[in-house]
**Student:** 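Starting off with a structure, shown below.
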Amino acid sequence: MLDAFAAEARARGVAHRTVLGRWPDAAPVAGTADVVVCHHVLHNVVDLVPFLQALTEAAHRGVVVEMMAEHPMAWLDPLWVRFHDLHRPRPATTDDAAAVLREIGVEPVVERWERVVPPRQDPAWVTRRLCLPEHTVPEVADALERLRRPRLAATLSWPVG
Ligand SMILES: C[S@@+](CC[C@H](N)C(=O)[O-])C[C@H]1O[C@@H](n2cnc3c(N)ncnc32)[C@H](O)[C@@H]1O
């Protein structure tokens, strides 16, 4: 993924640097940059405040974060109920991330948009995600007929300094 990022930045003639590591632990090694970007990681982060604070502290000019509108696996919640009677908590959303940013004194610009690429929704993969045996694939396929994986994403950005 870092190689793909570097190749895209090179193709656009944008100066860039990549650091392999866990954020914000990697912040001291990463140092600072004019613009700090974060692509589809927020939904995986448990403690958002130090993560977002370190992004902000690493930027001279601004931060740009892309994320899905709600947790990318939340669309499977009805299937967890159907196949396991497991009721999952309400999914985290872009609004939750924006609220955390406001708590630390940052007012983000939130741009909402729809992904063009059709998201992965094949029954065998979903069956594995749901920890179900292979013979249930047809039943999962049937249930998927009535579900649509959301494509809504958001870009959050905020100036620094
Ligand atoms: C949905 S994937 C997105 C991967 C990639 N950024 C992309 O957009 O294709 C989420 C990634 O976040 C990474 N991740 C989760 N917590 C992280 C953290 N604290 N610091 C850095 N990466 C983290 C996971 O290892 C995983 O690769």
Side-chain angles (χ1 to χ4, degrees), residues 1-80 86 88-106 108-132 140 144 147-158 160:
M1 285 186 269
L2 294 179
D3 289 348
F5 169 79
E8 289 291 334
R10 252 194 320 275
R12 289 166 170 75
V14 177
H16 61 279
R17 206 168 60 245
T18 60
V19 176
L20 179 62
R22 187 177 178 81
W23 193 261
D25 306 351
V29 181
T32 57
D34 285 343
V35 178
V36 170
V37 295
C38 173
H39 195 255
H40 293 285
V41 179
L42 284 203
H43 281 298
N44 292 66
V45 175
V46 176
D47 198 355
L48 272 189
V49 168
F51 190 98
L52 293 169
Q53 264 166 344
L55 288 180
T56 305
E57 284 161 14
H60 295 297
R61 308 214 28 203
V63 181
V64 181
V65 170
E66 187 174 306
M67 67 188 299
M68 296 306 287
E70 63 174 31
H71 190 283
M73 290 302 130
W75 67 288
L76 293 178
D77 287 356
L79 301 190
W80 284 101
L86 183 72
R88 298 174 70 89
R90 185 184 67 79
T93 64
T94 298
D95 289 342
D96 293 326
V100 173
L101 279 166
R102 285 188 201 103
E103 276 178 20
I104 59 170
V106 170
V109 174
V110 180
E111 291 169 74
R112 297 171 201 270
W113 48 279
E114 199 163 344
R115 275 184 150 183
V116 180
V117 182
R120 192 175 184 193
Q121 192 167 330
D122 72 89
W125 176 77
V126 171
T127 302
R128 285 196 300 277
R129 290 282 325 183
L130 294 172
C131 308
L132 290 169
V140 170
L144 281 176
L147 273 187
R148 279 293 158 261
R149 189 171 179 175
R151 299 178 184 198
L152 283 181
T155 305
L156 284 66
S157 59
W158 58 99
V160 174

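These numbers were taken from a predicted model, which means no experiment stands behind them. For ligands, and for the atoms within them, numbers begin at 1 and follow the listed sequence.
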**Student:** Working note: Leu48 + Glu103, criterion side chain to side chain contact (heavy atoms under 4.5 Å, CB included); need CA distance, chi angles, decisive distance, verdict.
**Tutor:** CA-CA 11 Å; Leu48 272 189; Glu103 276 178 20; over 6 Å; no

**Student:** Heavy atoms only: give me the nearest Val116-Arg151 pair and the separation to one decimal.
**Tutor:** O-NH1, 3.3 Å

**Student:** Among residues at least two apart in sequence or on other chains, which ones pass side-chain hydrogen bond (donor to acceptor under 3.5 Å, both in side chains) with Trp80?
**Tutor:** none

**Student:** For ligand 1, what are the residues with a heavy-atom contact below 4.0 Å?
**Tutor:** Met1, Gly21, Arg22, Trp23, His39, His40, Val41, Asn44, Phe51

**Student:** Strictly by side-chain hydrogen bond (donor to acceptor under 3.5 Å, both in side chains), give each pair with a member in residues 45-57 just once, sequence neighbours left out.
**Tutor:** Thr56-Trp158

**Student:** Any salt bridge linking Arg102 with Asp95? Criterion: basic side-chain nitrogen under 4.0 Å from a carboxylate oxygen.
**Tutor:** no

**Student:** Report the residues that fulfil side-chain contact (heavy atoms from CB on, under 4.5 Å) with Asp122, sequence neighbours left out, ordered by chain and then residue number.
**Tutor:** Arg120, Ala124, Trp125

